[in-house]
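Within every chain, numbering begins at 1; the chains are lettered A, B, ... in the order of the sequence lines, protein sequences first and strands thereafter.
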Protein chains: 2
Amino acid sequence: MTTPMLTKNQSLVFDVLTKAEAPLSAYTILDKLRDQGFRAPLQVYRALDKLLEYGVVHRLESINSFVACAHPNEDCHSHGLVAFAICESCGQVIEFHDHEVDHRLMAWLKSQKFKAEKSTIEIRGHCGNCAA
Amino acid sequence: MTTPMLTKNQSLVFDVLTKAEAPLSAYTILDKLRDQGFRAPLQVYRALDKLLEYGVVHRLESINSFVACAHPNEDCHSHGLVAFAICESCGQVIEFHDHEVDHRLMAWLKSQKFKAEKSTIEIRGHCGNCAA
DNA sequence: ATCAATTGCGTAATGCTATAACGTGTGCGA
DNA sequence: TCGCACACGTTATAGCATTACGCAATTGAT
């Protein structure tokens, strides 16, 4: 999928995520955009829905937060599965991809005749800088 | 870790999850236990915290729900990473483990000096029975 | 036996996350 | 011009999780 022009709200939300150093919750995004005229959660969620659809933002299920994709130019949907390492100290998120992991998971799913649609791979712990 | 005796509340919650055919949310569990005297969410969450700690229950982050572990006798913490395939039609969850996936993820994390503490691997889609 | 620490429990209140249900305006093709 | 699709704004509500308080039972050291 090629990313269409973003609307005003979508751009505002995307910019906030791009400039953030850690994942943000929808309500945190809302607070950061109040000066830009945002008043209600739905404004954020609607923008996020589109950004997720375009593949330029990822949702981190385990912490109910959102991050800009680490590969802004490529189409993230084409990378296969996406995985995240989330530091619980500094909040930093490292996005990565491993074809072998993809392959093994897909093989298992196929053996079960399970049709995958969305995947979540998130590892929480402490990054190199924060680990004692 | 060896699982200690469960308290009354823990047993009630565990039984509900064991008998369920699909993951349950904390509030659904609460509703099922009102006849047993449960009145507040905290009663459920406190029991769930212990059951998660003992490794006899898993939390599905992507759907804010809980399931009994598929390996009631073994210690689930010793399996390495746990993965779930979640059917969005029938709600059924298949728990599985793949050492190769573990190995690849752990190798990547080690290369980044990232210390993993908790992991979430969840695939949502449609199971063999539900897929058209 | 007593005291302190720990653990589980009950209740009320609150906070965080996400969606439903309205209605408005704008652009665009039939 | 009509109808449709889409983005937007607002209010209200639903769903998930925790904080804060106090009480009761257990354990274990003194």
Side-chain angles (χ1 to χ4, degrees), chain A residues 1-17 20 22-54 56-67 86 88 91 118 120 122 124, chain B residues 1-17 20 22-54 56-67 86 88 91 118 120 122 124:
Chain A
M1 180 196 307
T2 164
T3 305
M5 273 306 279
L6 298 183
T7 67
K8 180 154 174 284
N9 284 5
Q10 288 161 18
S11 294
L12 288 168
V13 170
F14 185 60
D15 282 356
V16 165
L17 284 175
L24 301 177
S25 75
Y27 279 71
T28 302
I29 296 171
L30 174 58
D31 286 339
K32 288 180 181 291
L33 288 176
R34 288 203 187 273
D35 292 344
Q36 275 46 255
F38 273 49
R39 314 281 311 153
L42 210 46
Q43 296 176 285
V44 177
Y45 282 109
R46 286 204 274 232
L48 285 171
D49 282 347
K50 285 298 179 182
L51 296 170
L52 290 167
E53 180 185 329
Y54 303 153
V56 297
V57 161
H58 298 293
R59 177 192 181 97
L60 300 177
E61 306 279 2
S62 65
I63 54 174
N64 295 317
S65 295
F66 303 85
V67 282
I86 304 167
E88 294 185 322
K118 296 180 179 180
T120 299
E122 299 174 17
R124 292 175 303 297
Chain B
M1 180 196 308
T2 164
T3 304
M5 274 306 278
L6 299 183
T7 66
K8 180 154 175 286
N9 284 6
Q10 289 161 19
S11 294
L12 287 168
V13 170
F14 185 60
D15 282 354
V16 166
L17 283 175
L24 302 177
S25 75
Y27 278 71
T28 302
I29 295 170
L30 173 58
D31 286 340
K32 287 180 181 292
L33 289 175
R34 288 202 187 274
D35 292 345
Q36 273 48 254
F38 273 48
R39 315 278 310 150
L42 208 47
Q43 295 176 287
V44 178
Y45 283 109
R46 286 204 273 230
L48 286 172
D49 283 347
K50 285 297 179 185
L51 295 171
L52 289 167
E53 180 185 330
Y54 302 153
V56 297
V57 160
H58 298 293
R59 176 192 182 99
L60 300 177
E61 306 279 1
S62 64
I63 55 175
N64 295 319
S65 295
F66 303 84
V67 283
I86 305 168
E88 294 185 322
K118 296 181 179 180
T120 299
E122 299 174 16
R124 292 175 307 295

When rounded to whole Å, the CG to C1' distance for the pair B:Asp31 and D:dC16 reads 13 Å

A:Asn64 CG to D:dG15 C1', in whole Å, measures 12 Å

Quiz prompt | Pairwise side-chain contact, B:Leu33 with B:Gln43, heavy-atom cut-off 4.5 Å (strictly under) | solution = no

When rounded to whole Å, the OH to C1' distance for the pair B:Tyr45 and C:dC9 reads 18 Å

Whole-Å distance, B:Leu60 CG to D:dC16 P, equals 13 Å

Between CZ of B:Phe14 and C1' of C:dG8 the distance, given in whole Å, is 19 Å

From CG of B:Asp49 across to P of D:dT18 the rounded distance in Å is 7 Å

| Do A:Arg46 and A:Asp49 sit within salt-bridge range, that is, some charged N less than 4.0 Å from a carboxylate O? | no

* Would you say B:Leu6 and B:Leu51 make side-chain contact, with heavy atoms under 4.5 Å? -> yes

**Asked** Are the side chains of A:Ser25 and A:Asn64 in touch, meaning some heavy atoms are under 4.5 Å apart?
**Response** no

Writing each nucleotide of DNA chain C 5' to 3' as (, ), [, ], | or . by Watson-Crick or G-U pairing under 3.5 Å yields ||||||||||||||||||||||||||||||

- Would you indicate whether the side-chain heavy atoms of B:Leu24 and B:Lys32 approach each other to under 4.5 Å? yes

Mind checking whether B:Leu48 and B:Leu17 have side chains closer than 4.5 Å, heavy atoms only?
yes

Rounded to whole Å, CE of B:Met5 lies from P of D:dT26 at a distance of 14 Å

**Flag side-chain contact, heavy atom, 4.5 Å: B:Phe66 against B:Leu52** = yes

* Please tell me if the side chains of A:Leu30 and A:Pro41 come closer than 4.5 Å, counting only heavy atoms from C-beta onward. => yes

- Message: Between B:Lys118 and B:Glu61, does any side-chain N to carboxylate O distance fall below 4.0 Å?
- Response: no

Atom CG of A:Leu30 and atom P of C:dG15 are separated, to the nearest Å, by 16 Å

Assign each of B:Tyr27 and A:Ile63 the nucleotide of DNA chain C bearing its closest heavy atom; nearer the 5' end lies the nucleotide of B:Tyr27

Taking only nitrogen or oxygen atoms into account, show me every contact under 3.5 Å that the protein makes with nucleotides 5-11 of chain D, one pair per line with its distance.
from  : atom 1 : to      : atom 2 : distance (Å)
D:dC8 : OP1    : A:Thr7  : OG1    : 2.7
D:dC8 : OP1    : A:Asn9  : N      : 3.3
D:dG9 : OP2    : A:Asn9  : ND2    : 2.9
D:dG9 : OP2    : A:Gln43 : NE2    : 2.6
D:dG9 : N7     : A:Arg46 : NH2    : 2.3
D:dG9 : O6     : A:Arg46 : NH1    : 3.3
D:dG9 : O6     : A:Arg46 : NH2    : 3.4

